[in-house]
Each structure stands twice: as structure tokens, then as C-alpha cells.
Amino acid sequence: IRIRTPVPYFLAKLTHPTSYVVNRDNIEKDGRLWFLKPDGTGPFKIKGWDVGVVMVLERNDLYYRAVAKTQYIVVWNAGGNGQTMFEAGDVDVAAIAGEQAQQAQQASSPLRSQLSISPELGLYYVGFNNKLPPFDDARARRAFAMAIDRDKIIKDLVFSTVPKATGVLPIGIPGFDPQLAPSGYDPAQAKTLWTQALAAKNLKVDSVLFQVSGFSGLEILEEMGKQWEANLGVKVQFQLVSGNTNRARILSQNGGHLFEYGWVADYPDPHNFLDVLFHSAAVNNIGAYTNGQFDRLLEDARTEQSETARLAKYREADRLFLADAGAIPVYYFRNYYLVKPYVKDWFLSAQRVPDFAAVRLERQV
């Protein structure tokens with residue numbers, strides 16, 4: 001791989017699955033479906049796979065490092081309620097969230113001793129179509145950001161199981177600024193800003209189109225819609241779109257004003273959030289956010305060799321983006337897993353990658 005200039009995040013980027021080693025013969029033999037029967041180099045190999053239903057992994061005894069401690073791992077891709085399957089003994093490890101995660105943490109819960117909680121480098125946010133009035137005006141974007149009560153949403157609808165987002169960079173990522181704070185819930189100021197933005201463009205906006213893809217629960221979306229209508233007098237129409245479609249094109253063609261999005265770090269570097277999601281030339285800049293000063297900070301940070309100076313540029317970019325209300329960061333992600341007592345050394349990275357090779361079972365299979 002040839003790079004045009006030294007970039008500090010390059011080695012981190014090589015940890016993403018797109019950089020994994022593959023067998024050229026395997027791909028040339030099986031064509032586009034090579035991944036159904038891949039020649040892997042990891043601690044496990046695929047023994048069987050019913051796509052979309054279940055995958056069975058078998059230990060790879062030729063693994064170049066210490067062989068995995070478990071012979072087989074069964075991964076269900078389809079099924080019922082994870083907690084129900086866990087309690088019935090159908091699975092040994094199950095992900096839970098929301099009210100189930102809240103209840104499992106209670107002192108009276110029999111599941112509390114089996115609950116594993118870990119951070120995740122992930123962000124859920126609401127984005128704007130920055131090309132469509134009135135959201136090409138920062139006052140309109142700030143108005144929408146200040147007109148929703150994120151504390152109430154997290155407490156009542158996510159059951160306080162996730163931390164409120166204070167910026168784009170999640171907790172734990174290099175460059176995260178614990179001093180950063182978004183504008184608080186202020187309906188009066190939000191109404192003033194909204195009125196100013198509309199007056200400046202001689203606009204009347206009775207409703208906005210919010211494109212949703214299932215990144216959050218319906219209750220969260222409905223609550224945000226109610227708050228915007230109550231505080232700004234704007235009704236929200238929801239439109240369901242596939243997460244696999246070209247979101248930028250759909251947003252532009254359909255006249256969407258808002259969209260929801262979730263992002264988990266591909267590699268643990270601030271470049272993967274601020275630059276990849278919001279630089280004006282980024283493919284994933286769905287809402288077409290543009291700010292020259294913001295871009296220059298990101299471009300300088302790409303090649304800055306001093307780690308201290310580099311992270312300072314990202315923190316400044318995060319502050320600028322938040323002040324400009326380029327999007328509305330709502331909450332960071334957190335993982336909750338139920339793990340049977342006989343499953344030892346279970347570990348989930350902050351990128352939600354389990355270390356299957358280390359897992360061992362202290363029971364007969």
C-alpha cells in the first residue's frame with residue numbers, strides 16, 4: 001500500500017476488516033460468493049452457515065497463535081428475545097438493551113451477577129439536510145437542537161442505560177473532551193432562533209420530513225417529534241428508508257430535512273468520526289455539512305505528527321461542529337450482555353468485537 005503522506009491513523013485503519021488477509025485463490029475460485037466458504041487465518045473457521053439464521057464456528061488448529069480454548073461456537077443471527085433465550089438455556093451469551101438492561105442491574109434481579117457492561121465507541125445522532133432551507137442556517141439547526149430534551153429521552157425511553165452525547169467524539173476515543181457540553185434544553189431560546197431563521201429567509205415551515213432507518217426505537221422518534229411540535233410549532237412527518245440505500249441521494253431527492261444515524265468506530269481514532277462523517281468531501285457526510293474552518297482543522301489533523309497538537313485540533317473541530325449545530329449528538333452507545341457463569345474470559349472490545357479465542361467453558365458440552 002502506498003500512501004501519499006504520513007498519516008498517524010494509518011496503522012489503526014489497517015485493523016478494520018477491509019484490511020484482513022484473504023486467499024487470492026479462494027476468491028478467484030468462488031467469485032463473489034467466496035465469503036460463504038472462506039479460507040480464514042483466524043482462530044476459528046466456518047463449519048456451517050445458514051445465512052441469516054445461524055453460523056457454526058469450529059476451532060482452527062492451524063492458527064498461528066495459541067489455539068482457541070473452545071471447540072465450537074454457535075452464533076444465532078435470528079431468533080426470539082435474547083433474554084428469554086438466555087433464561088431458557090438456549091444461549092450462553094445474549095445482548096440486551098433498554099428496559100431489560102435497566103432491570104438486570106437492579107439489586108433484586110437474579111441476572112445481575114451474570115450481567116457484563118462495557119463501553120462502546122459509538123454515537124447516535126440526528127442529522128440535518130444542510131442544503132435545504134431553513135437548515136442551511138445555523139440558527140435553525142441550533143433551534144432544533146435546543147428544542148429537544150435529551151435528558152428526558154435518555155431517562156424515560158432508554159432507561160438511563162446510555163450516556164448523553166456531549167459531542168461527536170465518544171467517551172474513550174483519543175481526543176474526547178470531558179469539558180465539552182452541548183446547548184441545554186431551552187424551548188424559549190429555541191423558538192427565538194427558529195423565528196429568526198425563518199424571518200431571514202422569508203419562510204413559513206409547518207412541517208419537516210424526518211427519514212428514519214431503525215437506528216433507534218419508535219418511542220424515541222415519536223418523543224422528539226412531539227417536543228419539536230410543542231416547542232417550535234413544527235409537525236414532523238416520518239419516512240422509513242433502508243439503511244442500505246444511498247442515504248445522501250434519498251435525502252436530496254425526497255426533500256428530507258432530518259435523518260437519524262448510528263456510527264460505531266471502524267478504527268479507534270477521531271478521524272473515523274469527525275472526518276469520515278462530517279468533512280465536506282466525505283462520502284458519509286449525508287447531510288452535506290460544510291464549514292471551511294472545520295474542514296481545515298480536519299485536514300491539518302490528518303498529517304499532524306505531534307499527537308498532542310493533533311488531538312487538540314480534533315477537540316477544536318468537535319467544539320466548532322457543536323456550536324454550529326452540524327448535527328444533534330443524542331447519546332453514546334454502551335453494551336449490555338448476559339453471560340452464563342460457566343463462560344469464562346468473555347471480552348467485548350469497545351468496537352463491539354468479541355474475543356472468541358479467549359473464551360473457555362467450565363462445563364461439559
Side-chain angles (χ1 to χ4, degrees), residues 1-24 26-27 30 32-46 49 51 55 57 60 63-65 68 73 75 77 95 118-125 127 165 168-176 213 215 243-248 261-279 281-286 298-299 301-305 307 310-311 313-314 317-318 329 332-335 337 347-359:
I1 300 174
R2 289 184 179 274
I3 56 178
R4 289 188 293 268
T5 186
V7 286
Y9 59 86
F10 178 67
L11 291 180
K13 202 167 187 177
L14 289 180
T15 67
H16 190 260
T18 53
S19 298
Y20 287 1
V21 175
V22 294
N23 184 348
R24 181 188 297 270
N26 182 198
I27 296 173
D30 298 318
R32 293 178 61 185
L33 298 180
W34 70 272
F35 66 91
L36 294 175
K37 295 181 180 179
D39 293 336
T41 59
F44 287 89
K45 54 188 177 181
I46 296 177
W49 187 6
V51 178
M55 176 185 287
L57 303 177
N60 179 8
Y63 185 47
Y64 77 103
R65 299 177 68 181
I73 291 181
V75 182
N77 301 122
S118 59
E120 183 171 2
L121 298 178
L123 168 71
Y124 171 71
Y125 70 90
V168 173
L169 298 180
I171 300 169
I173 203 84
F176 170 78
S213 303
F215 288 105
N244 295 323
T245 57
N246 185 325
R247 296 293 300 280
Y261 208 64
W263 187 263
V264 178
D266 296 314
Y267 46 97
D269 191 274
H271 174 273
N272 190 233
F273 283 85
L274 288 163
D275 205 323
V276 168
L277 292 176
F278 299 112
H279 186 279
V283 173
N284 287 300
N285 184 5
I286 298 169
L298 298 181
E299 290 159 7
R302 291 174 188 171
T303 56
E304 174 58 61
Q305 298 302 298
E307 184 74 359
R310 180 171 180 264
L311 296 183
K313 291 180 186 297
Y314 281 124
D318 208 357
Y332 300 129
F333 297 156
R334 185 178 287 161
N335 290 308
Y337 275 79
F347 175 78
L348 193 72
S349 77
Q351 292 170 251
R352 204 192 292 170
V353 178
D355 185 2
F356 284 155
V359 174

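A quick note: this is a predicted structure, and the numbers were derived from the prediction, not measured.
- Among residues two or more places apart in sequence or in another chain, the side-chain hydrogen bond (donor to acceptor under 3.5 Å, both in side chains) test is passed with Y314 by none.
- For N285, there are no side-chain hydrogen bond (donor to acceptor under 3.5 Å, both in side chains) partners at least two apart in sequence or on another chain.
- Applying side-chain contact (heavy atoms from CB on, under 4.5 Å) to P38 and the options I27, N23, I46, V22 leaves one that passes, I46.
- Residues satisfying the side chain to side chain contact (heavy atoms under 4.5 Å, CB included) test with P119, not counting sequence neighbours, are none.
- The shortest heavy-atom contact between N77 and M55 is OD1-N, 4.3 Å.
- Considering only residues two or more places apart in sequence or on other chains, Y337 meets the side-chain hydrogen bond (donor to acceptor under 3.5 Å, both in side chains) condition with none of them.
- For A265, the side chain to side chain contact (heavy atoms under 4.5 Å, CB included) partners two or more places apart in sequence, or in a different chain, are L121, N272, F273, Q351.
- Not a single side chain to side chain contact (heavy atoms under 4.5 Å, CB included) links T41 to another residue, sequence neighbours left out.
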Could you give me the CA-CA distance, side-chain angles and deciding distance for L14 and I1, then say whether side-chain contact (heavy atoms from CB on, under 4.5 Å) is met? CA-CA 11 Å; L14 289 180; I1 300 174; 4.0 Å; yes
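- V51 pairs by the side chain to side chain contact (heavy atoms under 4.5 Å, CB included) definition with L36, W49, not counting sequence neighbours.
- Applying the side-chain hydrogen bond (donor to acceptor under 3.5 Å, both in side chains) rule to N26 yields the partners D30; only residues at least two apart in sequence or on another chain are considered.
- Between F176 and L169, the closest heavy-atom pair is CD1-O, 3.2 Å.
- Between the OH atom of Y261 and the CG atom of L277 there is a distance of 7.0 Å, given to the nearest 0.5 Å.
- Listed by chain and residue number, H271 satisfy the ring-ring contact (aromatic ring centres under 6.0 Å, His included) test with Y9 (two or more places apart in sequence, or in another chain).
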Do L348 and V353 pass the side-chain contact (heavy atoms from CB on, under 4.5 Å) test, and can you show the C-alpha distance, the side-chain angles, and the key distance before you say yes or no? CA-CA 6 Å; L348 193 72; V353 178; 5.9 Å; no
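- Listed here is the closest heavy atom pair of Y332 and V168: CE2-O, 4.3 Å.
- The shortest non-hydrogen separation linking L274 to A317 is CD1-CB, 4.3 Å.
- Of all non-hydrogen atoms in L123 and P329, the two that sit nearest each other are CD1-CB, 4.0 Å.
- Atom NZ of K13 and atom OH of Y267 lie 4.0 Å apart (nearest 0.5 Å).
- Applying the salt bridge (Lys or Arg N to Asp or Glu O under 4.0 Å) rule to D269 yields the partners R310; only residues at least two apart in sequence or on another chain are considered.
- Considering only residues two or more places apart in sequence or on other chains, E304 meets the salt bridge (Lys or Arg N to Asp or Glu O under 4.0 Å) condition with none of them.
- The shortest non-hydrogen separation linking D275 to R302 is OD2-NE, 2.7 Å.
- Counting only distance, with no hydrogens or angles, the side chain of N60 and the backbone of K45 share no donor-acceptor pair below 3.5 Å.
- For Y124, the ring-ring contact (aromatic ring centres under 6.0 Å, His included) test picks out Y331, with sequence neighbours left out.
- To the nearest 0.5 Å, the span separating OG1 on T5 from CD on Q305 amounts to 7.5 Å.
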